[in-house]
Amino acid sequence: MNAVQPKEIEKEEISKLSFPEKDVLNSYKEKAQRKKELERAMTLGNLEQIKMKIFFEDDREKRYVNTTIWAVTTDRIILKQGVTIPIHRISKLM
């Protein structure tokens with residue numbers, strides 16, 4: 001059985017999405033790894049303008065956006081134009 005493929009979204013469309021409160025990751029280890037990867041992606045984005053594929057889930061489906069991360073706060077990542085994604089809805093980076 002095939003897993004549902006994430007759907008690409010433009011960062012300008014992210015602000016229209018709705019995000020549930022539940023974390024997409026379960027274990028403390030996965031969450032700590034996610035935070036570490038986000039910090040690294042932010043550094044690469046700011047220093048070398050390297051884009052990352054950010055995989056996340058809104059209230060309807062799995063999605064991804066290919067962009068740079070400008071900042072990481074305690075609960076959100078900030079992209080260009082002030083677009084944000086809640087960290088608890090991010091499943092992985094590539």
Side-chain angles (χ1 to χ4, degrees):
M1 190 158 97
N2 281 351
V4 176
Q5 291 299 313
K7 188 171 144 186
E8 186 169 13
I9 186 170
E10 296 300 320
K11 72 175 166 297
E12 295 78 13
E13 299 294 310
I14 293 172
S15 60
K16 299 174 185 171
L17 302 178
S18 178
F19 296 99
E21 292 300 314
K22 185 177 181 338
D23 201 311
V24 295
L25 301 181
N26 296 315
S27 77
Y28 173 80
K29 187 176 178 181
E30 288 175 315
K31 293 174 189 178
Q33 181 66 29
R34 172 178 61 198
K35 188 74 169 176
K36 191 169 135 184
E37 287 176 10
L38 288 170
E39 298 282 351
R40 181 176 167 273
M42 177 185 67
T43 301
L44 291 171
N46 287 326
L47 296 178
E48 302 179 37
Q49 286 73 51
I50 294 176
K51 291 184 176 187
M52 303 293 284
K53 275 189 183 172
I54 305 163
F55 292 85
F56 64 95
E57 295 179 36
D58 65 0
D59 62 346
R60 297 178 46 209
E61 60 191 331
K62 294 180 182 207
R63 301 176 183 268
Y64 73 92
V65 61
N66 193 28
T67 190
T68 54
I69 296 174
W70 278 31
V72 178
T73 70
T74 53
D75 59 347
R76 304 186 157 273
I77 63 167
I78 302 169
L79 313 175
K80 280 184 182 174
Q81 289 128 10
V83 173
T84 66
I85 301 173
I87 290 174
H88 68 274
R89 300 306 296 171
I90 298 171
S91 55
K92 69 178 179 177
L93 301 173
M94 289 177 69

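By convention here, the first residue in the shown sequence is residue 1.
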Tell me the closest heavy-atom pair linking [X] and [Y], and the distance in Å.
X	Y	value
Thr68	Ile50	CG2-O, 3.4 Å
Asn46	Trp70	ND2-O, 3.1 Å
Asp58	Phe19	CA-CD2, 3.9 Å

Taking the side chain as everything from C-beta on, heavy atoms only, tell me whether [X] gets closer than 4.5 Å to [Y].
X	Y	answer
Ile90	Glu37	no
Ile87	Asp75	no
Arg63	Leu17	yes
Ile78	Ile69	no
Thr73	Thr84	no
Val65	Val83	no

Counting only heavy atoms not in [X] (residues, nucleotides, ligands), do more than 12 fall under 6.0 Å from its [atom1]?
X	atom1	result
Glu21	CD	no
Lys35	NZ	yes
Lys31	NZ	yes
Glu10	CD	no

Calculate, to the nearest 0.5 Å, the distance between atoms [atom1] and [atom2] belonging to [X] and [Y] respectively.
X	Y	atom1	atom2	value
Ile54	Lys92	CD1	NZ	13.0 Å
Thr67	Ile77	OG1	CD1	8.5 Å
Leu44	Met52	CG	CE	6.5 Å
Glu61	Lys7	CD	NZ	4.5 Å
Glu57	Tyr64	CD	OH	15.5 Å

Is it possible for you to say whether Leu38 and Leu25 belong to one hydrophobic cluster, with membership spreading through side-chain heavy-atom contacts below 4.5 Å? no

Transitive ILVMFWY side-chain link Ile9 to Leu93, under 4.5 Å: yes

Between Asp23 and Glu30, is a side chain to side chain contact (heavy atoms under 4.5 Å, CB included) present by the stated rule, with each step listed? CA-CA 11 Å; Asp23 201 311; Glu30 288 175 315; over 6 Å; no

Between Lys62 and Val24, does the side chain to side chain contact (heavy atoms under 4.5 Å, CB included) criterion hold? Intermediate values first, please. CA-CA 10 Å; Lys62 294 180 182 207; Val24 295; over 6 Å; no

